[in-house]
Amino acid sequence: MKKTVAIDGPAGAGKSTIAKLVAEKLGYIYIDTGAMYRAVAWKVLDVGVEPTDGNIVGIAEKLDVRLRFIGDAVRVFADDTDVTDSIRTPQVTALVSKVAQLGPVRAKMVELQRKMAADGGVVMDGRDIASNVLPNADVKIFLTASIGERALRRWKEMKAKGYDEPIEKLEAEIAARDKADSEREISPLVRVPEAVLLDTTGMPIERVVEKVMELCG
Ligand code: DC
C-alpha cells in the first residue's frame with residue numbers, strides 16, 4: 001500500500017533533503033509545501049506592490065501555483081513561470097513567513113496539497129503537515145537540529161548558490177522565522193504528540209535517511 005509520509009520541522013532542519021531522498025527510495029512523489037508559499041512570495045515581489053496583507057491575498061487568489069514532476073525532478077511554477085530557483089533568494093525568504101501567516105493563502109495551498117496527496121505515495125514536508133494538512137498520515141516525523149547547525153547548513157546552501165551572508169545573520173533570520181512560524185495563529189509549527197522526533201544535529205544525511213526509511217517500514 002502506498003503510504004503518506006509527513007515531515008515537519010523548523011527552517012534548515014534538512015527536511016527537503018531528507019524528504020527528497022526518501023521519496024526517491026520509496027518511488028513516491030516529493031511535495032515541498034514551503035516552495036508553494038515561496039512561489040506566492042516570489043509573485044508579490046515580482047509584481048512589485050507593497051506587501052500588505054490585502055495585496056498578498058489578492059495575488060495569491062489569482063495565482064496558479066503548481067509543482068510539475070519532470071522525470072525525477074520537481075519544478076515549481078507560478079502561473080507559467082518556472083520559479084524553482086528564484087524562490088530561494090534572500091528577498092523571498094525574508095517575505096515568506098508573512099505570506100504563510102495569512103489564512104486565505106493557507107486555505108488555498110492546503111487544498112492543493114491535500115489533492116496532491118489524495119492517492120498516497122507521497123512524502124510531504126512543511127510546518128503543518130501532520131497537524132493540519134494530512135492528520136491521517138501513515139508516518140509522522142518531526143525533524144529538527146540545533147540552531148547553530150541549521151544556520152551552518154543554510155550558509156553552505158547559500159554559498160553554493162553564490163550568496164555569501166554572515167552566518168550570524170542567517171542564524172538570526174532562522175530564529176526570527178522559527179518564532180514567526182511557531183507563534184502564528186493559523187496552523188503554527190507544532191510537533192503533534194504522535195510524531196517521531198528526529199534530532200539530526202551531527203547526524204550524516206545517510207543516517208537520517210536510514211532512520212526515516214525504518215519508520216516508513
Ligand atoms: O521550508 P521553507 O523554508 O521553504 O518554508 C518557507 C516558509 O513557508 C516558512 O517560513 C514557513 C512556511 N511554511 C508553512 O507555513 N507551512 C508549510 N507547510 C510549509 C512552509
Side-chain angles (χ1 to χ4, degrees), residues 4-20 23 30-45 51 53 56-57 60 63 65 67 74-76 78 83-117 122-135 137 140-145 147 149-151 153-158 161 163 165 170-192 195 200:
T4 50
V5 182
I7 303 183
D8 291 297
K15 298 183 301 294
S16 57
T17 306
I18 302 303
K20 211 179 290 171
Y30 162 53
I31 300 170
D32 177 355
T33 63
M36 300 170 70
Y37 294 99
R38 283 173 180 273
V40 177
W42 174 86
K43 185 69 184 184
V44 172
L45 293 171
D53 291 1
I56 296 171
V57 169
L63 186 66
V65 174
L67 302 183
V74 186
R75 309 291 304 175
V76 187
V83 295
T84 313
D85 299 317
S86 29
I87 58 172
R88 305 288 162 193
T89 62
Q91 293 77 7
V92 170
T93 301
L95 181 62
V96 67
S97 276
K98 180 169 190 196
V99 168
Q101 277 174 30
L102 301 170
V105 178
R106 298 201 71 83
K108 179 168 173 177
M109 297 303 139
V110 169
E111 191 187 335
L112 285 169
Q113 291 154 12
R114 288 186 180 142
K115 273 192 192 143
M116 287 190 275
V122 299
V123 180
M124 189 179 280
D125 79 2
R127 304 293 191 289
D128 63 332
I129 310 306
S131 61
N132 175 48
V133 183
L134 305 173
K140 296 180 181 177
I141 295 165
F142 193 89
L143 208 66
T144 189
I147 183 136
E149 178 139 342
R150 292 191 281 129
R153 288 177 189 167
R154 215 10 78 95
W155 179 81
K156 286 184 185 160
E157 203 180 295
M158 296 304 281
K161 288 180 185 149
Y163 298 101
E165 302 217 49
L170 292 177
E171 188 168 318
E173 279 168 9
I174 289 180
R177 213 138 62 88
D178 283 356
K179 188 168 154 55
D181 293 339
S182 308
E183 293 181 357
R184 67 168 176 241
E185 267 175 49
I186 311 167
S187 309
L189 168 68
V190 282
R191 179 189 161 204
V192 295
T200 67

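Atoms within each ligand, like the ligands themselves, are counted from 1 in listed order. For this chain, numbers begin at 1 and follow the sequence in order. Computed over heavy atoms, backbone and side chain alike; hydrogens, waters and symmetry mates excluded.
- In terms of N/O distances under 3.5 Å, ligand 1 is not approached by D32.
- Using a 4.0 angstrom heavy-atom cutoff, R184 counts as in contact with ligand 1.
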Evaluate the criterion side-chain contact (heavy atoms from CB on, under 4.5 Å) for residue pair I87 and K43; output intermediate values, then yes/no. CA-CA 9 Å; I87 58 172; K43 185 69 184 184; over 6 Å; no
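- Closest to atom 19 (C) of ligand 1, if we only count protein heavy atoms, is T33 OG1, 3.2 Å.
- With respect to R184 and D181, a salt bridge is recorded, a charged nitrogen being found less than 4.0 Å from a carboxylate O.
- Residue-to-ligand polar distances place R177 within reach of ligand 1: an N/O pair is separated by less than 3.5 Å.
- Taking every heavy atom of A100 and a limit of under 4.0 angstrom, the matching atoms of ligand 1 come to 12 (C), 15 (O).
- In this structure, A11 falls outside the shell of residues with a heavy atom less than 4.0 angstrom from ligand 1.
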Go through I174 and E171 one step at a time and tell me if the side-chain contact (heavy atoms from CB on, under 4.5 Å) criterion holds.
CA-CA 5 Å; I174 289 180; E171 188 168 318; 5.8 Å; no
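- Heavy-atom contacts from other residues, nucleotides or ligands closer than 6.0 Å to CD of E111 number 12 or fewer.
- Close contacts between ligand 1 and D128 involve ligand atoms 16 (N), 17 (C), 18 (N) [criterion: under 4.0 Å to a heavy atom].
- Each of the atoms 10 (O) of ligand 1 lies under 4.0 Å from some heavy atom of S97.
- Near G126, the atoms of ligand 1 lying under 4.0 angstrom from a non-hydrogen atom of the residue are 17 (C), 18 (N), 19 (C).
- Summarising the geometry of P135 relative to K140, their closest heavy-atom pair is O-NZ, 2.6 Å, with the distance given to 0.1 Å.
- Between R153 and E157, none of the side-chain N atoms (NZ, or NE/NH1/NH2) sits under 4.0 Å from a carboxylate O, so this pair counts as no salt bridge.
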TODO: Begin from the C-alpha positions of T93 and R154 and carry the test side chain to side chain donor-acceptor pair (under 3.5 Å) through to its verdict.
DONE: CA-CA 12 Å; T93 301; R154 215 10 78 95; 5.7 Å; no
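- Heavy atoms of R88 approach ligand 1 to within less than 4.0 angstrom.
- The nearest heavy-atom contact from the protein to atom 11 (C) of ligand 1 is D181 OD2, 3.3 Å.
- Contacts between R106 and ligand 1, counted as non-hydrogen atom pairs separated by less than 4.0 Å, involve the side chain only.
- At distances below 3.5 Å, at least one donor-acceptor pair connects side-chain atoms of R106 with backbone N or O atoms of A100.
- Distance alone, capped at 3.5 Å, places no donor-acceptor pair between the D125 side chain and the D32 backbone.
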_Full working for side-chain contact (heavy atoms from CB on, under 4.5 Å) between R177 and V96_ = CA-CA 9 Å; R177 213 138 62 88; V96 67; 4.1 Å; yes
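- At a heavy-atom cutoff of 4.0 Å, ligand 1 is contacted by both the backbone and the side chain of R127.
- Only the side chain of R38 comes within 4.0 Å of ligand 1, judged by heavy-atom distances.
- When non-hydrogen atoms are compared, ligand 1 lies under 4.0 Å from neither the backbone nor the side chain of Q113.
- The contact set between ligand 1 and V96, taken as ligand atoms under 4.0 Å from a residue heavy atom, comprises 6 (C), 7 (C), 8 (O), 10 (O).
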